[in-house]
Number of protein chains: 2
Amino acid sequence: MSRPPHAAEHEALAAEHEALAAEHEVLAAEHEVLAAVLHVREGSLHVLLWQRALGPDRGRWALPGGRLGEAESLDASIRRQLAEKVDVRELSHLEQLESRGEPARMPGARVVATAYLGLVPGDARPQLPTDTRWHPIDELPEMAFDHAAVVEAARQRLRSKLSYTNLGFALVPPVFTLSELAGYYRAALGHDVDGTNLQRILVRREQIEPTGERLPSGPGGGRPAALFRFRVRALQVTDEFAVLHPPRP
Amino acid sequence: MSRPPHAAEHEALAAEHEALAAEHEVLAAEHEVLAAVLHVREGSLHVLLWQRALGPDRGRWALPGGRLGEAESLDASIRRQLAEKVDVRELSHLEQLESRGEPARMPGARVVATAYLGLVPGDARPQLPTDTRWHPIDELPEMAFDHAAVVEAARQRLRSKLSYTNLGFALVPPVFTLSELAGYYRAALGHDVDGTNLQRILVRREQIEPTGERLPSGPGGGRPAALFRFRVRALQVTDEFAVLHPPRP
DNA sequence: TCGGGTTTCCGCCTACTAGTCGATAACTGC
DNA sequence: GCAGTTATCGACTAGTAGGCGGAAACCCGA
């Protein structure tokens, strides 16, 4: 059983909270939403971060997010908050990840956070505010609060869902070649992926289908690649699990 | 390639966002924690519910839970709340499930809820308060608020985690026969489970091991059953997924 | 137009796993 | 000892992922 805090303690906390809220031009709130928006670019997985210019942890990099509004659902709120940093119409997927409520996760105020995983297709190049950038997920900068842990959770979630859902649709452009597809999976999974095998698995699961068209060959020649697309561009769970393993030694 | 959004478009977006933020006066939403505690008894999966005697939805059945304390983490809070309904020392597993924040999920106050999945081993018979009972998960009574959805999420989580983790340890007594083990899995998964196959899978994964002892035969005779135990009684993720399928037709 | 270089695609092979089933072992009770 | 019962073990089957080599389809230079 946890004891109720002393009144004095409580008031001090409330005062500090007020100050912080004033600084941010927002009233006191206890709940925030965050999103780790992931995106494959230049062959590796990136995450969307913005650099804090004010408040605690200024200078560090943070996930997009903010306080929950009065009449907002969690989903609606994260969409609204994300709109500040990126064109939400570019988002191909969004799902809830986890909530964190350690009392000391942020200095000053007590804030419970609900984190989301967001995905942006590989061909999208949304315009970003000046304080916001894509960071390679393997070289994260100094992160604010507990946001690094959220990024790690997002990466894990993506990795496993690629194995037993059609979540790949959210990583790739509407139409793609098999080599490109393998490249996206390689970046997201963090290990090598055999194109032949990937094709067989996804075709068998009826996740992807050929469009019938083919891309012209590159400058060096080579057989022109056939184009594919995902049949369904919304999350579906495969009845049979199938893990994409790293290659055998 | 997607075209970059026009600058004007971007500004319009930002303006819209300002308006939205102003409209959504931020308020201190209350936060509660809930747990769907599952338990296999008499061959079927049950969930722990208590009947509301006061307030909204009185008479309906609810999950254990309550408001988050000032200096409590979410995990600490759900443990404290659960202690009101069941001896928490009987809990073999507890993990976070999902958070719900629809503004109208409870009448009156705005309450964001973080739900947990709890498990109690099959041999435990914890004492319960008079308002609290185990309910078969297939015959839920009239449920309060959105608690029925939470129960469904918990069941799904259990089902899938049995396939790619050692979560079975949390369902069974410290020591068990293979028939008993198959019975627990059958109840939790909701479909038939072949004991031979289950044994091979779990032994191969090094999840279970024979204790060397054997149970005396029952009244009708029969070969005495060997006893097994889980090697590790804490959650571990199997590197290779392996789904326990329903039997083939 | 022919041949070398390049990339993609396709079919075959292998290893391994889950699911099934029947035979055998180890008991009880008559 | 024999019939009945339950548990255990081993062998068989079907299906899947991973890997590899060769054929296909293109470019380009001679």
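In this text, all values refer to a predicted model and were calculated from it rather than measured experimentally. Computation of the quantities below employed the complete heavy-atom set of this structure, encompassing side-chain atoms and omitting hydrogens, waters and symmetry-equivalent molecules. Letters go in sequence order (proteins before strands), and every chain restarts at 1.
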> Which of residues 167-192 of chain A have a heavy atom under 4.0 Å from DNA chain D?
Replying inline: none

> If you check every side-chain atom of A:N197, which of D:dA17, D:dT8, C:dC10 has the closest atom?
Replying inline: D:dA17

>> If you only use heavy atoms from C-beta on, which nucleotide in C:dT17, D:dT16, C:dG19 is closest to the side chain of B:I201?
In response: C:dG19

> Got a sec, which residues hit side chain to side chain contact (heavy atoms under 4.5 Å, CB included) with B:T165, two or more places apart in sequence or on another chain?
Replying inline: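 Testing B:T165 for side chain to side chain contact (heavy atoms under 4.5 Å, CB included), a comparison that skips the adjacent residues, returns B:K161, B:L167, B:L235, B:V237.
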
>> Run the side chain to side chain contact (heavy atoms under 4.5 Å, CB included) test against B:A144 and tell me which residues pass, sequence neighbours left out.
In response: B:R52, B:D57, B:R60, B:A62

> What pairs of residues pass the salt bridge (Lys or Arg N to Asp or Glu O under 4.0 Å) test when at least one of them lies in residues 122-135 of chain B, not counting sequence neighbours?
Replying inline: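 Of all non-adjacent pairs touching residues 122-135 of chain B, those that pass salt bridge (Lys or Arg N to Asp or Glu O under 4.0 Å) are B:K85-B:D131.
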
Could you give the [atom1]-to-[atom2] distance, from [X] to [N], as a whole number of Å?
{"X": "B:L198", "N": "C:dC21", "atom1": "CG", "atom2": "C1'", "value": "17 Å"}
{"X": "A:L202", "N": "D:dT16", "atom1": "CG", "atom2": "C1'", "value": "14 Å"}
{"X": "A:D194", "N": "D:dA17", "atom1": "CG", "atom2": "P", "value": "13 Å"}
{"X": "B:L215", "N": "D:dA7", "atom1": "CG", "atom2": "C1'", "value": "12 Å"}
{"X": "B:I208", "N": "D:dT8", "atom1": "CD1", "atom2": "P", "value": "10 Å"}

> Should B:R105 and B:H147 count as side-chain neighbours, where that means a heavy-atom distance under 4.5 Å?
Replying inline: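 Counting from C-beta outward, B:R105 and B:H147 do come under 4.5 Å.
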
Output a table of donor-acceptor pairs, distance under 3.5 Å, between side-chain atoms of residues 220-231 of chain B and any protein atom two or more places apart or on a different chain; print 'none' if there are none.
unit_1 : atom_1 : unit_2 : atom_2 : d
B:R229 : NE     : B:E209 : OE2    : 3.0
B:R231 : NE     : B:E206 : O      : 3.4
B:R231 : NH1    : B:E209 : OE1    : 3.2

>> Can you list everything that forms a salt bridge (charged side-chain N to carboxylate O under 4.0 Å, His left out) with A:R157? Sequence neighbours excluded, please.
In response: A:E95

> Can you list the residues that meet the salt bridge (charged side-chain N to carboxylate O under 4.0 Å, His left out) rule with B:D87, with sequence neighbours excluded?
Replying inline: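 For B:D87, the residues satisfying salt bridge (charged side-chain N to carboxylate O under 4.0 Å, His left out) (neighbours in sequence not counted) are B:R89.
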
>> Test side-chain contact (heavy atoms from CB on, under 4.5 Å) on A:L158 and A:L45; report intermediate values, then the result.
In response: CA-CA 11 Å; A:L158 173 60; A:L45 194 59; 4.2 Å; yes

Going by atom type alone, with no hydrogens or angles, which donor-acceptor pairs under 3.5 Å involve a side-chain atom of residues 190-198 of chain A and a protein atom two or more places apart or on another chain?
unit_1 : atom_1 : unit_2 : atom_2 : d
A:H191 : NE2    : A:L244 : O      : 3.4
A:D192 : OD1    : A:R186 : NE     : 2.9
A:D194 : OD2    : A:N197 : N      : 3.2
A:N197 : OD1    : A:R200 : NH2    : 3.0

> Does any pair with a residue in residues 120-141 of chain A pass ring pair (Phe, Tyr, Trp, His ring centres under 6.0 Å), and if so which ones, sequence neighbours excluded?
Replying inline: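 For residues 120-141 of chain A: A:H39-A:W134, A:W61-A:H135.
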
> With sequence neighbours left out, what residues match A:Y164 under ring pair (Phe, Tyr, Trp, His ring centres under 6.0 Å)?
Replying inline: A:F241

> Looking at B:Q199, does any N or O in its side chain come under 4.0 Å of the phosphate oxygens OP1/OP2 on D:dC9?
Replying inline: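 True: B:Q199 side-chain N/O within range (under 4.0 Å) of D:dC9 OP1/OP2.
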
>> Can you build the contact string for nucleotides 24-30 of chain D? Use B for base contact, S for sugar-phosphate-only contact, and - for no protein heavy atom under 4.0 Å.
In response: BBBSS--

Short N/O separations, protein against nucleotides 11-15 of chain C, under 3.5 angstrom:
none

